[in-house]
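All of these numbers come straight from a predicted model, not from anything done at the bench.
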Amino acid sequence: MFDQLMNIIVGVGDMRIECRPDVTLITYGLGSCIGLTLYDPLIKVGGLLHFMLPDSKLDTKKANLNPFMFADTAIPYFLNEIYKFGAKKERLQVKVAGGSQIMDESGFFDIGKKNYLTLRRILRDNNLSIHGEDIGGKITRTLWLEINTGRVLIKRQEFGIKEI
């Protein structure tokens, strides 16, 4: 599917912004973590963030070393960086995947739900809406963002690959 494109892997607790049309950003293993894509279709710049936890207050030392681990530090940083590439808030297409309840059968910690709620709050505070999502459940996902087209695809074991 992506043979002619250059795949760049975005790891857990990482972020990448690209404007090269032959690039596809991809992240694996979205369980309770969330993958957030931002894309400006006019200038064809996009980015992918894979964050793990909702609140940097859980471990401020880790947050200082890697702000992409936590929603409250990663998302504002991500937004600021994509705007530096020339993206405009009013054109941003926002898509998300993940937020599952993995390895927490009782739902006691509910990290996936907390991640999603924190994401929604930060987006709302920044006057941004979600344009597509695949959230929750008890599964893992793979997420792709094609820079040339802005297409966001997810892979879930039960139905294969679909666009969101």
Side-chain angles (χ1 to χ4, degrees), residues 7-18 24-40 45-83 87 89 92-146 150-164:
N7 291 330
I8 296 178
I9 297 171
V10 178
V12 178
D14 201 4
M15 183 264 313
R16 181 74 178 242
I17 297 172
E18 276 292 336
T24 295
L25 299 176
I26 183 172
T27 195
Y28 299 97
L30 288 169
S32 59
C33 297
I34 293 207
L36 168 63
T37 66
L38 302 175
Y39 185 75
D40 184 325
V45 65
L48 175 59
L49 166 68
H50 182 148
F51 68 86
M52 299 169 58
L53 296 165
D55 191 346
S56 62
K57 292 180 189 119
L58 295 169
D59 193 331
T60 55
K61 286 183 183 177
K62 279 190 180 175
N64 286 331
L65 291 173
N66 183 2
F68 305 124
M69 287 181 65
F70 301 93
D72 66 329
T73 51
I75 298 168
Y77 187 94
F78 188 28
L79 290 168
N80 190 42
E81 289 301 302
I82 203 160
Y83 296 145
K89 180 187 293 194
L92 275 186
Q93 296 173 356
V94 180
K95 297 185 179 180
V96 298
S100 295
Q101 187 173 315
I102 304 286
M103 298 184 307
D104 182 22
E105 289 299 315
S106 69
F108 179 76
F109 295 104
D110 221 354
I111 298 299
K113 183 176 182 180
K114 290 175 184 174
N115 277 339
Y116 183 65
L117 291 174
T118 301
L119 165 80
R120 290 194 56 100
R121 179 185 52 78
I122 293 168
L123 292 176
R124 183 186 66 240
D125 291 349
N126 283 275
N127 297 313
L128 290 167
S129 300
I130 295 173
H131 299 91
E133 65 181 31
D134 192 86
I135 296 291
K138 296 177 188 263
I139 56 164
T140 60
R141 297 165 172 90
T142 299
L143 178 68
W144 291 269
L145 169 61
E146 295 177 343
R151 253 184 6 151
V152 176
L153 303 166
I154 60 155
K155 180 179 181 184
R156 293 173 52 172
Q157 188 169 2
E158 68 270 18
F159 60 69
I161 297 174
K162 78 170 189 174
E163 189 169 354
I164 58 172

task = Examine distances only and state if a side-chain atom of N64 and a backbone atom of T60 form a donor-acceptor pair shorter than 3.5 Å.
result = yes

ask   = Roughly how far, to the nearest 0.5 Å, is CD1 of I75 from CG of D125?
value = 10.5 Å

message = Checking the side chain of H50 only, and the main-chain atoms of G35 only, is there a donor and an acceptor separated by less than 3.5 Å?
response = no

query = Can you find a pair of side-chain heavy atoms, one from K113 and one from L117, that are under 4.5 Å apart?
reply = yes

key: Which atom of A71 lies closest to which atom of I122, heavy atoms considered   = O-CD1, 3.5 Å

query = Under 3.5 Å, is there a donor-acceptor pair between the side chain of K62 and the main chain of F70?
reply = no

inquiry  = Return the CD1 to CG distance between I9 and L25, rounded to the nearest 0.5 Å.
reply    = 11.0 Å

inquiry  = Quick check against the 3.5 Å criterion: does S32 have a side-chain atom that pairs as donor or acceptor with the backbone of S100?
reply    = no

Spacing of CD1 belonging to I139 relative to CZ belonging to R156, to within rounding of 0.5 Å = 3.5 Å

message = Donor-acceptor pair, distance only, cut-off 3.5 Å: does the side chain of K95 make one with the backbone of I164?
response = yes

request  = Of all the heavy-atom pairs spanning K89 and N127, show the shortest one and how long it is.
outcome  = CD-O, 4.2 Å

inquiry  = Whether the side chain of N126 engages the backbone of L128 through a donor-acceptor N/O pair (distance < 3.5 Å, no angle test) should be reported.
reply    = no

request  = Report the C-alpha distance between M15 and V10 in whole Å, list the side-chain angles of each, state the deciding distance to 0.1 Å, and finish with yes or no for side chain to side chain contact (heavy atoms under 4.5 Å, CB included).
outcome  = CA-CA 6 Å; M15 183 264 313; V10 178; 5.5 Å; no

Spacing of L58 atom CG and K114 atom NZ [to the nearest 0.5 Å] = 8.5 Å

query = Any sub-3.5 Å donor-acceptor pair from D134's side-chain atoms to I154's backbone N or O?
reply = no

ask   = Can you check whether L38 reaches I17 side chain to side chain, under 4.5 Å on heavy atoms?
value = no

query = Considering all heavy atoms of both residues, which atom of E146 and which atom of Y39 are nearest to each other, and what is their separation?
reply = O-CE1, 4.2 Å

ask   = Passes side chain to side chain contact (heavy atoms under 4.5 Å, CB included), W144 versus R151? Steps please.
value = CA-CA 8 Å; W144 291 269; R151 253 184 6 151; over 6 Å; no

ask   = Would a distance-only check, ignoring hydrogens and angles, find a side-chain to backbone donor-acceptor pair under 3.5 Å from T27 to L143?
value = no

query = What heavy-atom pair brings P54 and T118 nearest, and what distance separates the two atoms?
reply = CB-OG1, 3.3 Å

Q93 to H131 - nearest heavy-atom pair and separation = CA-ND1, 3.5 Å

request  = Would you mind reporting whether D72 and F51 have side-chain heavy atoms less than 4.5 Å apart?
outcome  = no

request  = To the nearest 0.5 Å, tell me how far R141 CZ sits from L153 CG.
outcome  = 14.0 Å

query = Can you check whether I82 reaches D40 side chain to side chain, under 4.5 Å on heavy atoms?
reply = no

query = Which pair of non-hydrogen atoms, one from A97 and one from L30, has the smallest distance, and what is that distance?
reply = O-CD1, 3.8 Å

message = Apply side chain to side chain contact (heavy atoms under 4.5 Å, CB included) to residues R16 and L48 and explain how you reach the verdict.
response = CA-CA 6 Å; R16 181 74 178 242; L48 175 59; 5.6 Å; no

